[in-house]
Every structure is written in structure tokens, then in C-alpha cells.
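Counting starts at 1 for both ligands and their atoms, in listed order. The structure presented is a predicted model; accordingly, all values stated were derived computationally and were not measured.
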Amino acid sequence: MTCANSQILVLDLQVCNKIPTSALGYLNSSHLSSSVSSSFRRTRRLRKRVASSGSASVSPLSPIRRPRDRFFAPGNGTVGSPESTSTSRSDSVSELDTFLDLVPPRMRDALFRHEEIGSLIELVMDLGRNPIARFPSGDFVISEQPIKFEDLSYAISRVGEFSDDNRSGINNSLHRISAIRNRKMQIIGLTCRVGRAISGSAELMRDLVESGGSILVIGPPGVGKTTLIREIARMLADEHMKRVVIVDTSNEIGGDGDIPHSGIGRARRMQVPNVNMQHNVMIEAVENHMPEAIIIDEIGTELEAMAASTIAQRGVQLVGTAHGMTIENIIKNPSLQILVGGIESVTLGDEEARKRKVQKTILERQGPSTFTCAVEMISKNECRVHHKLEATVDAILAGRPPPFEVRKMDPNAIQSPNVVREKYNEESSIFSSRQQLDDEEEHVGDAVDNTARNVDRDNHKRSSTSTRISPVQVYTYKILGADLLQVAQVMGLEDHIDVTDDITTANAILASGSELTQNPWIRGVAKFYHLPVFVIKTSTMAQIVKAIRMILKMDSLGSKPINQPANDIEIEEDAPKRKPSLEEIDALEEVRLAIEYIVIPGGEAVELLPRRSEIVARQLELVQSYQLSAENSGTESNPRLQILPHKLNKNPVKHSGSQSPGRGDSTPDLNSIPGSSGTSVTRLPLLPE
Ligand SMILES: Nc1ncnc2c1ncn2[C@@H]1O[C@H](COP(=O)(O)OP(=O)(O)OP(=O)(O)O)[C@@H](O)[C@H]1O
């Protein structure tokens, strides 16, 4: 066949599945194209036939029911007979026929008569135990006669060979047969899962798929991950004409046999000879087959996670699944951590941290995550979407609730789905406590900037009504976008600023000065798109805070407004212009560590070491550059600062005692150091009082 938008002629048995292999050599590309399109028509028809047959979530705890209880329906029990067939059953009858073929004859009658037969999920056959059928409504005992070796042999003889992961399938079907063996390697149990291609099952996340970002799907066994990514593969290949390669370790996505199931559409499928080679095949897929998207089920080992990370770095859209309930499970799994950027623990070198009873070691994300977003599947028709996986991981590591969106779909309207979305973010979860803080503030009569209050109120309103505003789009160059977003979040400005990978849609560039010197082309690009370049020397939190304030015009840009032609805007370092003493450097570093590792992430106050008053004044300036307030917890002769987890307000330094800090001639008045003139948020929104 010819790929519509590719120069390459790909002769693919998988797609030309209606053409005898022997005939392929005689066909030119136009023959192949027409064969392919007829194959597509067939695919579409087939998909309609096997469409969802009721998909309430499976309740593993439902009581086991027996045939005599209530499930006998009238009819002769023949497959497809009108009496025994529900609407859902007739929809999926062709898939089910293949499956039911492996059921030993003595059990068929009872099974066929089950009113939910069209939604059968699994058949469980364990030697010496009653056979069980699993339905969305619960488990059903098919027969009171325990399973014998003959029953197992009957089923085994109808499926393909078992691979080293003890899985097998039925040719040209999506069913999965998994074996349990005894110590002599004889099969003594079978779990036979009905596989179905369900058109519309990926509607919950159509926008994520279309955005081109990589998606990590997390969910417990049986929740519908494989079914979902099969449909995503088809969507990308057929509707978006992408070159899609499925790495199909257990032949579960594309079905058993060398010609894949029509449920994957035009997507190509690579089989994996042995489960331990999955990571090799993942890399091979990228290197040999020029995919634009790779689909991979069950990323479970460190090697597979590393391969996934390599693929993502090569700019291929990756859609993968992993077992787990939430992203936290992935963070805590040492083999899979790399999928979310890797986790490292950072130890504060200061012994004092321990004395002050503050956390000495904190966890941080090591680098960019493999996936852009993540979806936690709650059931087949409900999921939680984490649009920015990195921001979610950072929030979880800092002990904050991550922002996410819950999406639900009516299982009965899968062909014309209406996805209901509800946004949850940190703002909404702390709405009441923030409102209370604001009220308290009004009582004590603090002179709070009215504009700031309005920004806060707007934020409250936004979080409760989910109204969208257009954030300023920033293209970051050699500065982690996640860092920018995290700082914006801490400043309560996450709705106002966003990171984009597409420079053509950016409103500004934020770049590291040293990288700009080495790669001057970025200035050329900025000039071309008329973008201002905000340049920071180092990616410290203080510098990023300043950059955000300037990008959002909260601080003056002087004569360089944001929409003028490319123009470097230097973000000045907070470091003093004169050469600082070693003691001063040490004191300022103490402030930085305390703020960036304890005050902001943990929301805790930190008391610094006692210092000379001039040094304390420098420390205070640095504290204020983070928009935080502090108080003098020492004495006049021995001043020391306590950094408070509160947003800077009009009186930057409070005194815990009646004494003022001591002042030498060169010491600025700690009470008179002005706050930032452009302050527009009255407190750090995420910090507890
Ligand atoms: N949207 C849906 N509607 C109806 N049935 C579904 C839907 N999605 C999946 N199923 C059915 O649920 C069962 C389990 O689905 P699937 O194999 O996709 O789960 P999974 O999460 O990949 O499981 P595992 O992790 O064990 O591989 C299958 O029988 C499948 O046909």
C-alpha cells in the first residue's frame, strides 16, 4: 500500500489483510490502495458490529451467583438464537463465537443462557473447582461440576501456543488466554478474557490524543486499558493518518496471528518474540519503521521505562499503559519512576535543619517526564486527566494536591459520546481556607492592595466556575518549563502563564543567558516572530519569580514593552553589586535553601542562624525578593531572621519581642526596607497560615 502522505511504499501484510500473500508481488500501488480502502470499509463495518455491549464497571466484589438463582432465560440456548440473544449480544456475536468455541461443551448451555452473555469479560477454569464466568455485574458459577483435565485440554487445543509469559490467543481474535501451571509446568488453570474492539472507547481522551502529546494510561487490571489504547491506535492511524506502530508484547492489542485484527485500523503491529525483549522491540520500532506514534501496553520493567523515555526524546508520540491506581503508584515504583522524570532526594547540607525540626531531605523530580500527560482510569467510562504530568508530580512531591480533571462518559451513548468534565485544582480544594484568610486579613485592617484582592477574587471565581482565561504563552529555552510552571503555581499565577513548545504560538521567550551566548540563533527566531527574550543568568527560583513578574508586566519593563520586536530583557541578579564577603555568601545561601526547600514547598517557618545586623539586612532583602515576609526572632545584640511562610505585606518585618534588631552605621533599617512596588498577590496562595 502507499501511505497517503509518505514517499515510502510499505507492503504490509497487516493492512492488506484481504489480499492473498502470493498475490502481493503482482499488484501495483494503485491496486493496493483500492484493496486497502475496501479493507477500511470492512473495518468500519466490523467495528460497528462489535461495538460496545454495555460497559458498566466490573465489580470484583459482587457476590457469586449460580445458574439456578435467576439467570436462566427462555430459549434453546443455541448461539445467536433470537430467544437467548440480547441486543448487546447480537452486536458482539462474531467476536463471542470465536471465544465460546473454546468453552467445553458441557458448560456451554448454561453460559449461553446468561442474560449478559454479550458483555462476558472472562471465563475462569481452575482444576478441581467450579467454572466461573465474570460479567460486569459480578461472577457467575457456570456449573456445579468441577473442572477436569479434559476441560482444560479441550480449551487449550483451541488456542495458539503459550508464550513465555503464559499467554496465548485465538487466531484473528483479540481474546487473551492466560495459563496457570503447576511445578511440573502442566497447565492447571486458565483465565480466558474476551477481547473486543470498542469504537468510541477513546472518546474520553480524544483531545489529548489529537494534541500530539505522549499519554500515560494508568489503571488496575481489567479496567479497559488495552481496549482503550487499541482504539487510540486506530484513531491516530485512520482518522489522523499517522504512522502508528504498536509494540504488541502479548498480541493483545492486535490479536493473535500474523494478520492483526481490524480493530487497530491501519496501525502496524510489531510482535515481541519474548517478553524480555519488549524494550528492544520498542527501540527497533523507532529506528526501523519511522513511526509518528508508538503504542505500548504494560510498561512494567525499568528497561521498558527507559526505552519509553528514549522514544519520547526522539519526538515520537507515545501512548503507553502501566498498572497502578494513581500517579503516586508510579512515583513510588522504582522501576517506573523514570516515566515521570525520575525522583531524587535532596539533602539540605545544613545541620541546623535538623535542630530546627525541619525536613532535611526532600524529594524532587530529577528531569523531564517521558509523558506529557497522564490518565488514571477509574472505570471504563471515567478517568482523571492530569494535563501536565510534570506539574502533578511536582505537586505530589511537595505534598500538595495536584490539579486534575475528572471526565465521565455515558456508557450507553458510546457511539455519540458526551464527555462531562469537572476540573479540580489546588485553588478549588483550598478555596474555603483561602477565603477565611482573606476575611481575617480584612478584620485586622491590613492595607492590602485593592488590585491584588481583585486578582485573588478573580482566581476564586475562576476555580469555582472553571472559566478559562488565556494565559501568556512562554517558550522556554534551556530552562525547564516545569520549573516555570511550578514557580507560577506557587505565586498563584498559574492561570496567567503557560509554557508552550511551539514558538509560533509563544508571546515571550525565557532563556538562560549562557545558552543564548552559545546558540545565538534563538535571537534570530525571536526577532522573526517579534518576541521579547527574557534572559536570566541562573534558573534560581528568585530569578524565575522576577521573570514571571516582568513577563506578566507586574514589574516595570522600563522602555521595553512585551509586544515590541525582539529585544533582550535582562532579569537582574539579586546578588549585591559589590563583592560579597564569604560570610555574606554563606548567609544568603542559607536563605535561599531555607526558602526553596522548606518555606515554599513545606509551608513552614524557618529560623536562620544569628548574624551580624548588616548581614541580616542583606538576608532580609533576599527574603523580600521572594515576596515573603520575615521577623526578627533574635535580640538587639544578636539578631536573627525567621522567614515566615507568608506573602510579603506592607510591614515586611514583624518583631517577635519588643526589641528592634541592632543596627550599625551601614545597616539599613529593617523596618523601612520597602517591599516590591509591583506586589499584586497578597500571600503565597498554597501556604498554610
Ligand atoms: N469501554 C468498554 N466497554 C465495554 N467493555 C469493555 C470496555 N473496555 C474494556 N472492556 C472489556 O473489559 C475487559 C477488560 O478490558 P482490557 O483487557 O482492555 O483491560 P486492561 O485494563 O487492559 O486489563 P489488563 O491490565 O489485565 O491487561 C475486556 O473483556 C474488554 O472487552
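Here's the thing with Arg196: one of its N/O atoms is less than 3.5 angstrom from an N/O atom of ligand 1. Inclusion of Asn381 in the set of residues having an N or O under 3.5 Å from an N or O of ligand 1 is not warranted. The shortest N or O to N or O distance between Gly224 and ligand 1 is below 3.5 Å. For the pair Asp297 and ligand 1, the shortest N or O to N or O distance does not fall below 3.5 Å.
Within the 4.0 Å heavy-atom criterion, the part of Ile198 lying near ligand 1 is the side chain and not the backbone.
For the pair Asp101 (side chain) and Thr98 (backbone), a donor-acceptor distance under 3.5 Å is absent.
By heavy-atom distance, the residue among Arg167, Arg193, Met377 lying nearest atom 26 (O) of ligand 1 is Arg193.
The shortest side-chain heavy-atom distance between Ile327 and Val393 falls under the 4.5 Å cut-off.
A donor and an acceptor atom, one from each side chain of Asn251 and Arg269, are located under 3.5 Å apart. For the residue pair Ser214/Gln317, the side-chain donor-acceptor check at 3.5 Å is not satisfied.
For the pair Asp207 and Arg407, the salt-bridge criterion is met [side-chain N within less than 4.0 Å of a carboxylate O]. Classification of Glu292 and Lys242 as a salt-bridged pair fails, no side-chain N sitting under 4.0 Å from a carboxylate O. Classification of Glu239 and Arg234 as a salt-bridged pair holds, one side-chain N sitting under 4.0 Å from a carboxylate O.
Taking every heavy atom of His323 and a limit of under 4.0 angstrom, the matching atoms of ligand 1 come to 24 (P), 25 (O). Remark: ligand 1 atoms within the under-4.0 Å shell around heavy atoms of Val194 are 28 (C), 29 (O), 30 (C), 31 (O). Interface of Thr226 with ligand 1, defined as ligand atoms under 4.0 Å from a residue heavy atom, comprises 18 (O), 20 (P), 22 (O), 27 (O).
At a 4.0 Å cut-off, at least one heavy atom of Glu298 sits close enough to ligand 1 to count as contact. In this structure, Gly222 has a heavy atom closer than 4.0 Å to ligand 1. At a 4.0 Å cut-off, not a single heavy atom of Glu122 sits close enough to ligand 1 to count as contact. At least one heavy atom of Arg176 sits closer than 4.0 Å to an atom of ligand 1.
Here Asp165 pairs with nothing under the salt bridge (charged side-chain N to carboxylate O under 4.0 Å, His left out) rule; sequence neighbours left out. Phe99 pairs by the ring-ring contact (aromatic ring centres under 6.0 Å, His included) definition with His175, not counting sequence neighbours.
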